[in-house]
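Predicted, not measured: the structure shown is a model, and the values here were computed from it.
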Amino acid sequence: MPAYTGQYNIEFKGLKTGMHHFSFDLDDVFFGYHINPWCIGGNVRVNVEFEKKDHLLTLECSYSGNVRVECDRCLEEFEMEMNFSSSLFVKFGEDENETDPDVVWIEEKSHKLDLDSYFIDSICLNLPVKKVHGKGPDGKSLCNIQMIEKLKNYKFKQSVKTT
């Protein structure tokens with residue numbers, strides 16, 4: 001597996017004021033570096049519409065692709081399609097009272113914006129709460145049948161006592 005290079009930066013100091021377009025490909029190396037229980041791997045393309053203003057950077061990010069996740073029902077890995085957008089506003093200076101999660105502050109002397117942690121956080125936060133295999137063309141669940149059968153042996157049976 002290739003080494004992780006942390007190549008998800010936008011060097012904005014040399015850019016002219018106005019709109020710019022960037023694309024980033026997030027692959028298994030990226031997801032492997034960010035070890036987390038939600039995203040095991042994947043291939044996601046992020047298209048960034050980047051607007052540079054004098055004291056503000058605006059990013060509109062569009063994500064499309066697949067992430068490998070663990071099924072909450074049978075615990076088997078599967079590919080889940082991802083298509084969503086996010087916005088990020090970058091201001092210069094320091095504001096410790098900022099509570100908007102879509103706004104980040106960076107130092108005035110900064111020359112590049114590292115999007116690495118923003119990308120992984122956005123992907124993980126946009127996963128559904130319940131991640132399960134879909135259904136096949138026959139309408140049956142694509143979950144691992146052997147695991148589902150094993151789980152049935154441990155199903156909790158509640159007894160009701162009457163007094």
Side-chain angles (χ1 to χ4, degrees), residues 1-13 15 18-53 56-92 95 98-106 110-152:
M1 184 177 277
Y4 181 74
T5 60
Q7 60 200 7
Y8 309 100
N9 298 311
I10 294 178
E11 302 223 12
F12 58 83
K13 271 296 192 216
L15 294 177
M19 292 297 293
H20 304 274
H21 307 280
F22 298 92
S23 290
F24 299 94
D25 290 314
L26 312 179
D27 57 13
D28 283 339
V29 175
F30 173 82
F31 288 102
Y33 178 78
H34 297 282
I35 298 172
N36 65 66
W38 302 285
C39 296
I40 301 164
N43 287 300
V44 177
R45 163 68 57 107
V46 185
N47 291 311
V48 179
E49 299 293 322
F50 180 89
E51 185 175 10
K52 180 180 179 186
K53 297 179 182 176
L56 177 70
L57 306 175
T58 304
L59 291 82
E60 296 294 331
C61 304
S62 300
Y63 301 74
S64 62
N66 293 303
V67 292
R68 205 165 40 262
V69 296
E70 188 175 87
C71 178
D72 291 333
R73 185 178 297 141
C74 72
L75 305 179
E76 191 172 272
E77 290 182 14
F78 73 100
E79 296 281 327
M80 177 176 278
E81 187 176 347
M82 301 240 28
N83 287 301
F84 68 93
S85 298
S86 66
S87 299
L88 180 66
F89 302 95
V90 180
K91 296 181 179 181
F92 296 94
D95 187 354
E98 185 66 54
T99 58
D100 188 340
D102 296 330
V103 176
V104 295
W105 290 82
I106 60 175
S110 296
H111 62 90
K112 70 179 180 178
L113 180 62
D114 183 358
L115 297 171
D116 198 84
S117 59
Y118 177 70
F119 287 161
I120 192 68
D121 290 347
S122 295
I123 290 169
C124 289
L125 289 171
N126 278 280
L127 287 171
V129 173
K130 189 174 184 181
K131 299 172 291 300
V132 295
H133 284 93
K135 295 186 181 203
D138 59 358
K140 293 184 180 181
S141 172
L142 295 174
C143 281
N144 181 318
I145 295 170
Q146 291 89 7
M147 180 59 85
I148 298 300
E149 290 301 318
K150 285 181 183 181
L151 290 171
K152 285 181 182 177

Can you confirm whether [X] sits close enough to [Y] that some side-chain heavy atom of one is under 4.5 Å from a side-chain heavy atom of the other?
X	Y	answer
H111	E11	yes
L88	L115	yes
F31	I123	yes
L127	M82	yes
L59	I10	yes

Hey, could you give me the [atom1]/[atom2] distance between [X] and [Y], rounded to the nearest 0.5 Å?
X	Y	atom1	atom2	result
E70	C39	CD	SG	12.0 Å
I35	I40	CD1	CD1	12.0 Å
R68	N43	CZ	CG	8.0 Å
F78	L142	CZ	CG	9.5 Å
D102	Y118	CG	OH	6.0 Å
N126	W38	CG	CH2	14.0 Å

| request: Check S86, S122, S87 against C61 for a side-chain contact (heavy atoms from CB on, under 4.5 Å) and give me the one that passes. | output: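 So the option named by the test is S86.
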| request: Identify the residue among V48, N47, N9, V44 that makes a side-chain contact (heavy atoms from CB on, under 4.5 Å) with F24. | output: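 In the set V48, N47, N9, V44, the residue that makes a side-chain contact (heavy atoms from CB on, under 4.5 Å) with F24 is V48.
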| task | Please work out whether the ring planes of F22 and H20 are parallel, tilted or perpendicular, with thresholds of 30° and 60°. | result |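 Tilted: the ring planes of F22 and H20 meet at 30° to 60°.
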Quick check: closest heavy atoms across [X] and [Y], and the distance to 0.1 Å?
X	Y	result
Y8	L26	CE2-CD2, 3.4 Å
M80	P128	SD-CD, 3.5 Å
K91	L56	CG-CD1, 3.8 Å
D28	G41	OD1-CA, 3.4 Å
V90	L113	CG2-CD2, 3.8 Å
D25	R45	OD1-NE, 2.5 Å

| field | ring-ring contact (aromatic ring centres under 6.0 Å, His included) between F119 and F30, worked out | value | CA-CA 10 Å; F119 287 161; F30 173 82; 7.0 Å; no
Report all side-chain donor-acceptor pairs from residues 132-141 shorter than 3.5 Å, counting only partners two or more places apart or in another chain.
| residue | atom | partner | partner atom | Å |
| --- | --- | --- | --- | --- |
| D138 | OD1 | K140 | N | 3.0 |
| S141 | OG | C143 | N | 3.1 |

| request: Look at the side chain of K131 and the backbone N and O of V69, then say whether any donor-acceptor pair between them is shorter than 3.5 Å. | output: no
| request: Kindly write out the residues that satisfy salt bridge (charged side-chain N to carboxylate O under 4.0 Å, His left out) with E60, not counting sequence neighbours, or none if the list is empty. | output: none
| Please walk me through it: do L57 and F89 pass side chain to side chain contact (heavy atoms under 4.5 Å, CB included)? | CA-CA 6 Å; L57 306 175; F89 302 95; over 6 Å; no
| N83 versus E81, side-chain donor and acceptor atoms under 3.5 Å | yes
